[in-house]
Structure formats: C-alpha cells, structure tokens
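So the structure is just underneath, and the comments pick up after that.
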There are 2 protein chains.
Amino acid sequence: MADGPTINTIAERAGVSIASVSRVLNGLPTRQETIRKVLAAAEELGYVRNAVARSLKSRRTNQVAFAMADIGNPVYLAMVRQIQPVLKAAGYRLVLHSTDAIAADEIDVLHSLGERYVDGLIMSPLRVTEAHLETLKAARAPVVIIGSVPDGTRVDNVRADSRTGVRLALDHLHALGRRRIALVNGPLDTVPGASRGAAYAEALEELGLPYDDGLVEIGDFYRADGARAVAALLARRPDIDALMCANDLIALGALDVLRAAGRRVPEDVAVVGMDDTELAAASYPSLTSVSLGSAERGKAAVELLLDRLQRGDREPRLVTVPPRLVVRASTSGEEPALPYDLTTNTPGALAGAAPGHQSSAQEGGAG
Amino acid sequence: MADGPTINTIAERAGVSIASVSRVLNGLPTRQETIRKVLAAAEELGYVRNAVARSLKSRRTNQVAFAMADIGNPVYLAMVRQIQPVLKAAGYRLVLHSTDAIAADEIDVLHSLGERYVDGLIMSPLRVTEAHLETLKAARAPVVIIGSVPDGTRVDNVRADSRTGVRLALDHLHALGRRRIALVNGPLDTVPGASRGAAYAEALEELGLPYDDGLVEIGDFYRADGARAVAALLARRPDIDALMCANDLIALGALDVLRAAGRRVPEDVAVVGMDDTELAAASYPSLTSVSLGSAERGKAAVELLLDRLQRGDREPRLVTVPPRLVVRASTSGEEPALPYDLTTNTPGALAGAAPGHQSSAQEGGAG
DNA sequence: AAGCCATCTGTAAACGTTTACTGAGTTGGC
DNA sequence: GCCAACTCAGTAAACGTTTACAGATGGCTT
C-alpha cells in the first residue's frame, strides 16, 4: 500500500505544473495537448483525488451526518432509507451517529460540527433540553431537527403530528363501537410519550368518553413492556375492548398476551399500533397502525438540508407531516388483500433471469 | 456562522506560537503557565479542532465505511447495529454506502478509497466479479469483505455457512417426517442464491430424498416473489409438505399464500425461513428460521478491521460464522414461550420513571 | 513592425493542522 | 563561574489541493 500519486507526481510525469494538472482535473479551460498529457499521466498512475486535501481548501466535505437515538429502531431506519439515496444523488456521503438517546451524546454531535467533518446535520433527538438549544444556536454547520422544537427556535424543523394520529385511531375505534379504550404508553418524559398521553386524554374528551386512570399503563417502548403492561391491564380491567398502543412493538407484545389470554382480536379487543413499521404488516392478525410518516419526514429533512446548503441565508422552515391511519385486521377483522398479484408469475423466473437487485443475505459456502 | 477560530486565533490571544497551542491541545509536555493560557483562550473562543486539516497532516480520518447492497435489508441492519457501537468506542465515525447491489457502484466504493476519506472499509458485495478482485487488490486502504471470496484472495474475510444452514433446516424437516420438501430460492446468479440451491440438492441427496426440478421455484428475494412462487408450486405439486425458503421475506409470502389456500402451517405444510430477521418472531405462526449470524458477522468484520488498522502487516484472516436453526411454530406447531416474564410488572412504571433510553418514535405535536 | 489582446501556463500562497529543528533560557556539576 | 545538559517555545516546512496573479506566447490590428 505504497503512497498514492498526487498531482505533483502527475505534474512531473506530464511535464507540466501542478496548477495545470488541477485545472485539467477540474475541467477548467486548458489547451488540448495539455489535457491529453495530464489525463494520460493520471490514468497511468491510477491517480485518485485526495478528498481530505480538497476539503481543506474548498471548505466543503461533501458529507452529511444523520444522528438518531437508536440505530436499531425501524422508525429511524425508514428515515435513513429515504435520506441516503437523496444524498448520494446530490454527491454527498452519509455519516451515521447513534446517540442512544443520551442528551450528552447528542450535544456532542452538535458540538463536533465545529470539526467541520460534515457540511450539515440531520438530527432526531428524543428530548430537547435547554442545553440542546444553546448548542444548536452556536452550531457551526446547518442543522435540521426532526422532532418538536420550541416555537421560535431558528432552525429547520420537521415534525410528525402524533396528536392528530392518536385522534385518528381513537375515532376509528369509536366508530367501531369501542368504548373502553385503554392506552399503553411509553415513558412520559420523552417527547412522544408525553404528547401521545395528552392526545389520548384530549381525544377521549372530544368523543365524550370518560378519562380513567385505570385504563392507562406505562412502560418502555419495547415488545416485552407492551406485554407486561397489557397483562396488568387485563387483570385490572378485564372489560377493555380496545388498546391504543404508543408504538408497534408495544402492540405486538399486546397481541402476544391477548392471544395467550384467549381474547380474540379484534372481536374481543381491537388493537392499534403506531409508526406503521414493517412489523405491522408481518404480524398476524396484521396490525392496524398509525403511520407518522417516518419516510416522509426523512425525505423532508434531507430536502430542507440540501436546500439550505445551497442558500444558507433563507428563513428557517417548519414542515409538519400529517399522520395516516392504516387499517388492518387487528381492528377491521379482515386481512387486507395481498399487496401483490399472484397470477402473474415472473416470466423466466425459472431461468434465474431475475434482475437481482437486493438479495436478503450475504453468505459464503464454507469453502 | 462566522469563520470559527483556528489555532492561529488562539496563539494570538494567548500570546504564544501556534506550535505551543498544538502541543497543549495534544497533551505534549508544556509549561503549566502556557497550558493555562492556551486552554483559557481556547475556552473563551469556543475553539474546536478542525478534523479535515488534522486528517490531512496525520493521514488518518478516523472514519470507517460500511458498504452494503441495500440499506433497507434487515440483514445488513443487524450488521450495522453491531458495527456502529464498536467503531464509536474505538473513536471512529461510520460512513454508510448503499450500492443497490450494482457491481459498478461497489467497485466505485473500492476505488474511492483512494480519496482517503476513510481509514478502512467493510464491504458486503452480493456478487464478486473479476473486476471486484482486481480493484480490491489495488485498494488504498484496508478492506474486510463479508461474503465469499475466492480462496487465496489476500483480504480479511467473514463468511456465513449457508450450506450447513440449509442442511440444518432440511435435517429438521426430515426428522419431522416431511418428505416432499420444496425450495423457494432467489436468483441463481447471486452468491446466496447459488449456494443455497446447491446446498439444497446436496442435503436432499444425503437424506436419501430424490431431487425433483418441479419442487424448486425461483424468484427474487421479496415477499411478493415468495407468494408468487408458492402459488405456482401449490398448483404444480399440491402434495408438498414442507417449504425451505431462501430468506424470511420469501417465507412470509409463503405463509400468506398457504393461509389463503387453506393449508395449515405446520400441520399440512411446514415452513422454514432464513436469516432469522426480527420479522420471523413477529409473524404468526412464528417462523422457524436459519440464522446465518448477521450480527456475529458484523461484529467479526469490525474487529478484523480495527485489528488491521493497528497492524497493517498481519496475514489476512478468514472467519466463518456457524449457522443456527431457530425453531418456532411454523415447523414445531408450538409458539415459543414469550421471551419475557409477565409477572414482574416494571416497578414504578406508572410514575413514568422508566430510564427512557430508545423510544420508538420521534414526533412533535403540531404546535 | 509595434503594440494589444487573448489564451494559456507557471509560481506561490492559502486552507488548518502537526512536528522536526533550532535556539533561548535555566539548571546543575565541578 | 564556566560549560554541559536539559527544558521549553518558536520558526518553518509539510500534508495535497485550489486559485489569484503574473508572465509567456502567439495572433491580430493598425
């Protein structure tokens, strides 16, 4: 792995100055003969432009960072899936940070923008503290925040609307005749937990249903927490006829416990999840879920960022992505039609002619 | 966003030379008084060290890239989940590339190592062509390949053993008394497709079962392909009693179609998936699946890479991760015990005292 | 034929660090 | 009290680019 060639090496080889080499490589007007010599030399030497030196001089890295709480969370992954191709098309690389929802880590990331290893940042913090806002104000590169931020904060911002989302779900359950609707929520000191709790209370009121503390159970956002919470709920209020779950994982835990308890879904208890992750369509019964538009939020965020990288001076914008209720069997009782046509068999499939993008696994026979 | 301070600014402010500033910031021996002055100035100015300039001089970026075929694929995500924290702990940032399994893109990534924007690369190519190997040989930074690579290739390599994996699955099905075991495979020109096809044929032979072309169906690696393939299989061979699916998504499609056709799983047809993604545990019936150890492979890869970054001269290593059969209801008929204890309700959960790491969703009430 | 202009190329500085080298000042040995 | 040795700090070069500026060359115009 000997040291690679630089423009100096090329300049020598081609018998020109490094300025000429640079000009040719950047497509600036140059005499044909010079272009030919430089390109020939570069080709022979297998020259590749050093991105670090280039960044130092040009003050751009063509890298963008995305910081999320948990890299294993399907919600963030839906965002990454949108963000990556857009960045790639615009000539940027994607740097990933997983902060484990630790505020100090998030602030570190903001602070490290001063290192100038990226041109911009998309961040999705779980909680937004004063310290976040302070650091944000002093950030040395454009930032887009996915999630709520106090009004008046001068930053590009993309929000979901889980208030309306919860409302959609409760309206749906109410229309189905459900009247004892429990809430299985996550921790109240997280942004989603707090707002979903409040939205639940509000929606009940508007529907003319009484708010009952006994119908609310709080745990963390995982499947096991959902299972535990629902077991407790069933013991306390055996007559519940619907469950509003603060995310899909909680809802899956709920399905586990309901099945074990012999309750039919949705006949006895209807279940609604939230986030509409791919798990919702995979479960059985398939899960009605409120999509908060993770994909759309990711897309909006990256677009805001790219736009700002072009025009750093424009006013900050706020984009709110509307929620959408995706009805499946856990409330309707009917499995949705399979999302594909069985009659059309892939032509030539037996010949192995499939175009073969994405396969689901890497591997290697042991030999 | 005015230009940030540099060591020059600090040097002026502190009344010392830039060399002293650099020494202080790097912890090299310096007089107390100087240290104090420099740190004070740095603090006041909110100095953050420029990573690009530092990289240029030191010839290391503290970045590592991971290139995968498809960022949406749970198999790669399982790897990323392992890789990211290890890198972070070692002081490296993670750069993600999604190549859409396009060979040219993969080769581009290898080639771009010459830009020196990362110190090393972990790559998981779907197909390995001559061109890959050529470029690999000339790569300007350490590379670890996840997936098969021809014997003798001088590169750190992590492999799954899908051959043994398929074997485990077929042994299991055979032991359950199944004799007409179909294969739903992916494209034969991918590494996984090819080797799973071969392993299926081999395993049948060792089990003394006849190989029958009519029992093999090929599509792509998605749920819809699985559904289509199984519909065709059922039409052609109504008497099949087991399905070996080349990945979990295909298996989910299979479950859809079997259910629609009124076949009971596993009584009439047993189903085995592959990769043991989180979808396998979420489906109903839950899916027996062959784990190829994606997480372990990710971990092994990043460890190989970090090791090589320390000692560039050591011999290339090969790590093979053994497969594991995870038996669930789609073959055994019994839902596995819930992986959590329902009796222990989270203490204090109602008080919202949960530590609240990872929540499943970002959001923001519309106001 | 002189002067001008256009076109191209080379020189050198700059981006923000790290670090080899040198020299100044201090300490200590004898 | 002189010289050696040591400690610390400053100067300057280097990392590999881009680019402002100036110089060179040649073709036109007049």
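Values below: every heavy atom of this structure, side chains too, minus hydrogens, waters and symmetry copies. In what follows, chains are A, B, ... by sequence order, proteins preceding strands, each numbered from 1.
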Looking at B/Tyr117, I'd like to know whether one of its side-chain N or O atoms comes within less than 4.0 Å of OP1 or OP2 on D/dG16. no

Provide, to the nearest angstrom, the distance between the CD atom belonging to A/Gln32 and the C1' atom belonging to C/dC8. 13 Å

B/Arg140 CZ to D/dG16 C1', straight-line distance once rounded to whole Å: 14 Å

Integer-rounded Å distance: C/dT17 C1' and B/Asn62 CG: 14 Å

Can A/Tyr117 and A/Thr61 be counted as having a side-chain donor-acceptor contact under 3.5 angstrom? no

Taking CZ from B/Arg116 and P from D/dT17, how many angstroms apart are they, rounded to a whole number? 11 Å

So, using side-chain contact (heavy atoms from CB on, under 4.5 Å) as the criterion, who are the partners of B/Arg314 when residues are at least two apart? B/Asp156, B/Leu304, B/Asp307, B/Arg308, B/Arg311, B/Arg317

Between CG of A/Leu28 and P of C/dG10 the distance, given in whole Å, is 15 Å

Does B/Arg54 have a side-chain nitrogen or oxygen under 4.0 Å from the phosphate oxygens OP1 or OP2 of C/dT18? yes

Can a side-chain donor-acceptor contact be found between B/Glu296 and B/Gln82 if the only test is distance below 3.5 angstrom? no

Under 3.5 Å, which protein N or O atoms sit close to an N or O of nucleotides 9-13 of chain D? Give each pair with its distance.
unit_1 : atom_1 : unit_2  : atom_2 : d
D/dA9  : OP1    : B/Arg31 : NE     : 3.3
D/dA9  : OP1    : B/Thr34 : OG1    : 2.1
D/dA9  : OP2    : B/Arg31 : N      : 3.4
D/dG10 : OP2    : B/Ser17 : N      : 2.8
D/dG10 : OP2    : B/Ser17 : OG     : 3.0
D/dG10 : OP2    : B/Ser20 : OG     : 2.9
D/dG10 : N7     : B/Arg23 : NH2    : 2.9
D/dG10 : O6     : B/Arg23 : NH1    : 3.1

Would you kindly give the CG-to-P distance between A/Asn8 and C/dA12, to the nearest whole Å? 14 Å

Can you see if the side chain of B/Arg49 gets near the phosphate of C/dT18 - specifically, an N or O under 4.0 Å from OP1 or OP2? yes

For C/dT18, take OP1 and OP2 only and decide whether either is under 4.0 Å from a side-chain N or O of B/Asn26. yes

Is A/Arg59 near enough to C/dG16 that one of its side-chain N or O atoms lies under 4.0 angstrom from OP1 or OP2? yes

Sequence neighbours excluded, which residues qualify as side-chain contact (heavy atoms from CB on, under 4.5 Å) partners of B/Arg49? B/Leu25, B/Asn26, B/Tyr47, B/Arg54

Take atom CD of A/Glu115 and atom C1' of C/dG16, then tell me their distance rounded to the nearest Å. 13 Å

Under the rule for side-chain contact (heavy atoms from CB on, under 4.5 Å), what residues qualify as partners of B/Glu130, not counting sequence neighbours? B/Leu133, B/Glu134

Partners of B/Arg13 by salt bridge (Lys or Arg N to Asp or Glu O under 4.0 Å), sequence neighbours excluded? B/Glu44

Can you sort out the partners of A/Arg36 under salt bridge (Lys or Arg N to Asp or Glu O under 4.0 Å), two or more places apart, ordered by chain and number? A/Glu33

Using a heavy-atom cut-off of under 4.0 Å over every strand shown, decide if A/Ser22 touches base, sugar-phosphate, or nothing. base

Can you tell me how far P of D/dT18 sits from CD1 of A/Ile7, to the nearest Å? 6 Å

